[in-house]
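Structure record follows, encoded as C-alpha cells.
All values below were derived from every heavy atom in this structure, side-chain atoms included, with hydrogens, water molecules and symmetry-related copies excluded.
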Amino acid sequence: MFENLKPQPADKILALMQMYRDDPREQKVDLGVGVYKNAEGVTPVMRSVKVAEQRIIDEQATKAYTGLAGDPAYADAMIDLILGNAVERDKIAAAATPGGTGAVRQAFELIKMANPGARVFVSDPTWPNHVSILKYVGIEAVVYRYFDASTGAVNFDGMLEDLKGAKEGDVVLLHGCCHNPTGANLNSTQWQAVVELLNERGLIPMVDIAYQGFGDGLEEDAAGVRLVASSVPECLIAASCSKNFGIYRERTGLLMAISQQGDAEGLNQKTLAYLNRQNYSFPPDHGARVVTTILNDPELRADWKQELEETRLGMLALRQQLADELQRLSGSDRFGFIAEHRGMFSLLGTTPELVEKMRVDAGIYMVGDSRLNIAGLNAQSVPVLAKAIIDAGV
C-alpha cells in the first residue's frame, strides 16, 4: 500500500531552519522559527520550571495514567489563568491536550462532530497549521481580511464585512492575543464589535491563545478571550503553555468548551474525553503537572510572572530598537508599526522576492510571507536586520 502514498508539501519553516544551519556565514540571523530565544540565542528553562520539576521528581509516587481529560487540577489552574472569573466554572468543559496544536486539532474534531456543515473562518493570514489541519479533517476554511500590509495594522472594516458573510453555526477562529504571524491585534473596542457581530449572526467563536503574557501582560492579553467567553452562548478556547512557560517539548495544551446552557457541561466534558480517547487516549502529564505546580504555589507563581514579564519587556525593547533604527536609516516612520505590534512576531508586509534577497545578500532568514521573529534578535543583530531591510528596498 505504501506505493500509493504521495509526497506531502514540505514545512516551510522547518526547511528554512535547515537552510540556516547549512549557511556557512558567521553573520546570519535566524528569524524564522517560532520559539522564544534570549539574547544569547538560547531558549532557556525558566527558573520556576526547574524548581517545579525537581519538586515533582522528589514527590511523585507514580507514573500511572491520569484521566482521559488529564489532571482536573491542571484544567482548574489554566481556566483561572486564562478566564479568571469571567465564566462560572460549571459552564466550562476542559481537556488536556498535546500542546496548543493538539487543542486546535481536537477543537476542529469537535466542530465536525457537532455540526458537520460548519465552515471555519480564519484570518488572512493566520498560523499555517490552522488551515492545514482544517483541510486534513475535511472542514471548509474561509478567509476573512485581517492585516493591512500598507499600514501594518488590522483591516478591521474588511474583517467585519467578510464575517458578515458567515451563516448561523459557522465558526470564527480568533487569535486571543499576539496575532501569529502579523503581531497586529484587536483593541478593546474592536473586540466588543466582534462579539456583537458573533451574537447578531449566531456564529461560534473559537479563540486560539498561545502567547498570553507576551503582549501587554497576563491580564491584558486575556481581556479579549474573557470578553468573548462571557458574552456568547457557546465558544471554544485552545490554549498553549509552550511559550509563556517555555516548555515547548513537553507538549502542554488545553481545550475548553464553554456553554451557557446549564446542563451542557457534562455532555461537553464526556465528548472531550471521548475525542482524546480516539486520538491519543491519555494526554501528556509532565508539562501539565509543572504548570499546575507553578500556578498553585504563590512563590513559584510570583517568580514565573517576574521572569515572563522580563521576557515581555525584552521583546518590546527590541521592537522599539528596530523601529528606531529603521526610522534613522529610512528617514521616515513607515516602520513604526513594528513597535506597536505585540508578541513574538511582526509581518513586514513585503514580497517573497525581497525576503529571499535579504537571505541571499545579508543572511537574514525569515518566513517567505515576511514574518519575522522578534525574539530571534538581540541588540547587536537589530542594526544588521534594519540595514538589510533598507538595502533590499522594503
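- Dense packing is recorded around CD of E3, with more than 12 heavy atoms of other residues, nucleotides or ligands lying under 6.0 Å away.
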| request: Would you check, one step at a time, whether the test side chain to side chain contact (heavy atoms under 4.5 Å, CB included) holds for D23 with Y365? | output: CA-CA 10 Å; D23 191 331; Y365 284 79; 2.6 Å; yes
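- The pair R145-D124 does not count as a salt bridge, with every side-chain nitrogen at least 4.0 angstrom from each carboxylate oxygen.
- Across all non-hydrogen atoms, the minimal contact from G32 to I13 is O-CG2, 4.0 Å.
- The list of salt bridge (charged side-chain N to carboxylate O under 4.0 Å, His left out) pairs with a residue in residues 318-330, not counting sequence neighbours, reads E325-R328.
- Screening V207, I258, I111 for a side-chain contact (heavy atoms from CB on, under 4.5 Å) with L236, the sole residue that qualifies is I111.
- Put simply, the side chain of M256 does not reach to within 4.5 Å of the side chain of V225, judged on heavy atoms.
- Using a 4.5 Å cut-off between side-chain heavy atoms of Ile, Leu, Val, Met, Phe, Trp and Tyr, with links allowed through other members, L174 and V195 fall into the same hydrophobic cluster.
- Residues R55 and T293 meet the side-chain proximity criterion, which asks for heavy atoms closer than 4.5 Å.
- Here the closest non-hydrogen pair linking G215 and D221 is N-OD2, 2.9 Å.
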| message | Checking V120 against E140 for the side chain to side chain contact (heavy atoms under 4.5 Å, CB included) test, could you report, in this order, the C-alpha distance in whole Å, the side-chain angles of both residues, the deciding distance, and whether it holds? | response | CA-CA 6 Å; V120 175; E140 181 182 356; over 6 Å; no
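- For N180 and H175, the side-chain atoms include no donor-acceptor pair closer than 3.5 Å.
- By the 4.0 Å N-to-carboxylate-O rule, E309 lies close enough to R312 to be salt-bridged with it.
- We find the OG1-CG distance between T292 and D76 to be 9.0 Å, quoted to the nearest 0.5 Å.
- At most 12 non-hydrogen atoms from other residues, nucleotides or ligands lie less than 6.0 angstrom from CD of Q27.
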| task | Take K12 and D369 through the test salt bridge (charged side-chain N to carboxylate O under 4.0 Å, His left out) and record every step on the way to the result. | result | CA-CA 10 Å; K12 295 180 181 179; D369 63 0; over 6 Å; no
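- For Y146, the ring pair (Phe, Tyr, Trp, His ring centres under 6.0 Å) partners two or more places apart in sequence, or in a different chain, are H179.
- Contact check for N244 versus Y211: no side-chain heavy atoms found under the 4.5 Å cut-off.
- Distance check, rounded to the nearest 0.5 Å: CD of E219 to CG of D216 gives 12.5 Å.
- For the residue pair W191 and G176, the shortest heavy atom distance occurs at CZ2-O, 3.6 Å.
- One distance of note links OG of S48 with CD of E299; it measures 11.0 Å at 0.5 Å rounding.
- Taking both residues in full, the closest heavy atoms of V367 and L16 are given as N-CD2, 3.8 Å, listed atom of the first, atom of the second, then distance.
- Few gaps surround NZ on K167; more than 12 heavy atoms of other groups in view lie less than 6.0 Å from it.
- Ring geometry for F337 versus H341: interplanar angle of 30 to 60°, hence tilted.
- Interatomic distance, CD of Q321 versus CG of L326, reported as 10.5 Å (0.5 Å rounding).
- More than 12 non-hydrogen atoms from other residues, nucleotides or ligands lie less than 6.0 angstrom from CD of E356.
- The pair D170-R201 fails the salt-bridge criterion, with no side-chain N (NZ, NE, NH1 or NH2) lying under 4.0 Å from an Asp/Glu carboxylate O.
- Within a 6.0 Å radius of CZ in R249, no more than 12 heavy atoms belonging to other residues, nucleotides or ligands are found.
- Checked options V355, L347, L348; the residue passing with R371 is L347 (criterion: side-chain contact (heavy atoms from CB on, under 4.5 Å)).
- For the atom pair CG (L203) and CD (E168), the distance works out to 8.5 Å, reported to the nearest 0.5 Å.
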| Going through the distances and angles, do I390 and V394 end up as a side chain to side chain contact (heavy atoms under 4.5 Å, CB included)? | CA-CA 6 Å; I390 298 304; V394 175; over 6 Å; no
| message | Go through it in stages, so that I can follow the logic: the residues are N279 and R105, the test is side-chain hydrogen bond (donor to acceptor under 3.5 Å, both in side chains), and I'd like the CA-CA distance, side-chain angles, deciding distance and then a yes or no. | response | CA-CA 10 Å; N279 198 336; R105 171 63 182 268; 5.8 Å; no
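- Legend: residues meeting side-chain hydrogen bond (donor to acceptor under 3.5 Å, both in side chains) with Q212, ordered by chain and number and at least two apart, are absent.
- Ring geometry, W304 versus F245: the interplanar angle falls under 30°, so the pair is classed parallel (tilted spans 30 to 60°).
- Shown here for T252 and G287, the closest heavy-atom pair between the two residues is OG1-CA, 3.2 Å.
- By the 6.0 Å contact criterion, CG on N85 is open, its count of non-hydrogen atoms from other residues, nucleotides or ligands being 12 or less.
- Under 4.0 Å is where a charged nitrogen must lie from a carboxylate oxygen, and between E265 and K270 no such pair does.
- Identified under the ring-ring contact (aromatic ring centres under 6.0 Å, His included) test for residues 23-77, with sequence neighbours left out: Y65-F282.
- In this model, a donor atom of one side chain and an acceptor atom of the other lie less than 3.5 Å apart for N378 and S381.
- For Q306, the side-chain hydrogen bond (donor to acceptor under 3.5 Å, both in side chains) partners are E310, not counting sequence neighbours.
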| Audit row: K37, D30, salt bridge (charged side-chain N to carboxylate O under 4.0 Å, His left out) steps and yes/no | CA-CA 10 Å; K37 297 180 181 180; D30 178 12; 3.2 Å; yes
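- Taking the side chain as every heavy atom from C-beta outward, V154 and F147 never approach each other to under 4.5 Å.
- For A388 against I364, the heavy-atom pair with the smallest separation is CB-CG1, 3.7 Å.
- Geometrically, K28 engages Y20 in a cation-pi contact, judged by NZ or CZ lying under 6.0 Å from the ring centre and within 45° of the ring axis.
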| Please walk me through it: do L308 and F214 pass side chain to side chain contact (heavy atoms under 4.5 Å, CB included)? | CA-CA 8 Å; L308 180 61; F214 270 33; 3.5 Å; yes
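- Applying the side-chain contact (heavy atoms from CB on, under 4.5 Å) rule to N373 yields the partners M344, F345, A375; only residues at least two apart in sequence or on another chain are considered.
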